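Given the structure is predicted, the values throughout are model-derived calculations rather than measurements.
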Amino acid sequence: MTMELPRVNEAVKLLKKFSVKTDVYVDLGCNDGSITVEIARAVNAKTAYCIDIDSEALVKARGKGLITYEVDLSTGKIPLSNESVDLVTAFEVIEHLINPDNMLRESNRILRHGGVLLITTPPNLASWVNRIALLLGYQPYNVEVSTEIVAGGVPWKARTFAKPSGHIRPYTLRRSRNY
């Protein structure tokens with residue numbers, strides 16, 4: 001399996017390592033559903049839901065046979081019953097949310113007892129790359145100061161974007177574990 005996000009490949013390995021199998025799978029921030037389809041296949045999901053705020057992306061996801069809902073994860077309610085889902089994923093989503101607590105509450109609400117919540121987020125704010133960038137006076141990766149231009153990034157072009165990606169919540173590993 002080849003995917004754009006290395007953390008997704010790692011997630012698939014983790015799900016397989018722990019033999020995660022599911023009847024009902026929800027992908028939060030699914031975009032066009034490409035990753036959703038791959039994960040659903042990896043866990044043998046009978047039903048896969050694709051939830052995103054982008055209505056155009058959801059049209060593409062429906063074209064892949066996914067059940068879609070347009071939801072703002074910062075404020076909205078996921079239109080699924082309590083304790084009805086076995087697996088919830090959010091790949092590279094939480095750092096974009098104004099209110100990540102809502103997404104976490106909703107995930108907890110829809111997950112069955114013993115269900116799995118799998119979240120990935122870009123590199124740790126406290127990583128060595130970011131520490132060196134700060135020490136040299138550069139803006140850390142994934143901590144943006146502008147919504148229009150990439151400003152103050154490291155000169156060696158490591159992990160930079162052509163435009164700001166909307167990251168507003170940088171996480172450290174310790175903070176993520178204590179969430």
Side-chain angles (χ1 to χ4, degrees), residues 3-12 15 22-43 45-112 115-125 141-151 159-172 175-176 179:
M3 296 196 195
E4 295 175 28
L5 301 169
R7 283 174 290 285
V8 174
N9 289 326
E10 292 304 313
V12 169
L15 291 167
T22 179
D23 288 332
V24 182
Y25 164 51
V26 172
D27 188 13
L28 304 176
C30 62
N31 198 301
D32 69 0
S34 296
I35 292 172
T36 314
V37 169
E38 293 297 324
I39 298 295
R41 188 176 299 131
V43 298
K46 294 176 183 156
T47 306
Y49 292 94
C50 192
I51 298 177
D52 205 288
I53 196 169
D54 184 340
S55 59
E56 291 178 21
L58 290 174
V59 169
K60 294 176 184 174
R62 278 191 294 280
K64 293 177 172 79
L66 297 165
I67 302 165
T68 65
Y69 290 111
E70 186 175 342
V71 176
D72 180 341
L73 295 171
S74 285
T75 59
K77 182 174 180 181
I78 297 170
L80 296 172
S81 301
N82 295 353
E83 299 182 20
S84 61
V85 175
D86 303 298
L87 172 64
V88 175
T89 60
F91 295 108
E92 316 295 301
V93 173
I94 197 167
E95 69 277 5
H96 296 271
L97 300 178
I98 292 169
N99 181 9
D101 300 301
N102 185 71
M103 183 191 82
L104 293 170
R105 266 191 306 276
E106 281 296 292
S107 296
N108 187 53
R109 180 184 65 77
I110 65 173
L111 270 173
R112 291 186 175 126
V116 175
L117 172 62
L118 180 59
I119 297 173
T120 67
T121 191
N124 187 342
L125 178 61
Y141 174 67
N142 287 333
V143 181
E144 299 166 343
V145 296
S146 171
T147 58
E148 298 177 9
I149 62 169
V150 176
R159 301 182 188 155
T160 57
F161 298 99
K163 62 181 185 170
S165 59
H167 295 147
I168 59 174
R169 299 263 184 241
Y171 289 87
T172 63
R175 181 64 185 121
S176 298
Y179 208 103

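Heavy-atom minimum distance, S107 versus V88: OG-CG1, 3.8 Å. The shortest non-hydrogen separation linking G29 to L73 is N-CD1, 3.8 Å. Looking at every heavy atom in both residues, D52 comes nearest to D54 through OD1-N, 2.9 Å. Listed here is the closest heavy atom pair of H96 and E92: CD2-O, 3.3 Å. In plain terms, the two heavy atoms of V12 and A42 that are nearest each other are CG1-CB, 4.2 Å. In this structure, R112 and E83 approach most closely via the heavy-atom pair CG-O, 3.1 Å.
Partners of D23 under the salt bridge (Lys or Arg N to Asp or Glu O under 4.0 Å) rule, at least two apart in sequence or in another chain, are K46.
Annotation: side chain to side chain donor-acceptor pair (under 3.5 Å) contacts involving residues 56-68, sequence neighbours excluded, comprise R62-T68.
One distance of note links SG of C30 with CD1 of I35; it measures 9.5 Å at 0.5 Å rounding. Atom NZ of residue K77 and atom CD1 of residue I110 lie 11.0 Å apart, to the nearest 0.5 angstrom. Within the model, atoms CG of L97 and CG of D101 stand 10.0 Å from one another, a figure rounded to the nearest 0.5 Å. Distance check: R105 CZ to I78 CD1 gives 11.5 Å after rounding to the nearest 0.5 Å. Between the OG atom of S34 and the CD1 atom of I39 there is a distance of 12.0 Å, given to the nearest 0.5 Å.
Test I67, L66, L28 against C50 for side-chain contact (heavy atoms from CB on, under 4.5 Å) and you get one pass: L66. The only option from N31, T36, V8 that meets the side-chain contact (heavy atoms from CB on, under 4.5 Å) definition with F91 turns out to be V8.
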Worksheet item: Which is it for L87 and L15 under the side chain to side chain contact (heavy atoms under 4.5 Å, CB included) test, yes or no, and what are the steps along the way?
Response: CA-CA 10 Å; L87 172 64; L15 291 167; 4.2 Å; yes

Go through L80 and Y69 one step at a time and tell me if the side chain to side chain contact (heavy atoms under 4.5 Å, CB included) criterion holds. CA-CA 10 Å; L80 296 172; Y69 290 111; 4.1 Å; yes

Test side chain to side chain contact (heavy atoms under 4.5 Å, CB included) applied to L104 and I119, step by step: CA-CA 10 Å; L104 293 170; I119 297 173; 3.6 Å; yes

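By the 4.5 Å heavy-atom criterion applied to side chains, V71 and P79 are counted as neighbours. Residues V93 and M103 form a side-chain contact, since some pair of their non-hydrogen atoms from C-beta on lies under 4.5 Å apart.
Listed for the T22 side chain is no donor-acceptor partner under 3.5 Å among the backbone atoms of V43. Looking at D86, its side chain does come within 3.5 Å of a backbone N or O of V24 through a donor-acceptor pair.
Remark: the D27 side chain and the T89 side chain contain an N/O donor-acceptor pair separated by less than 3.5 Å.
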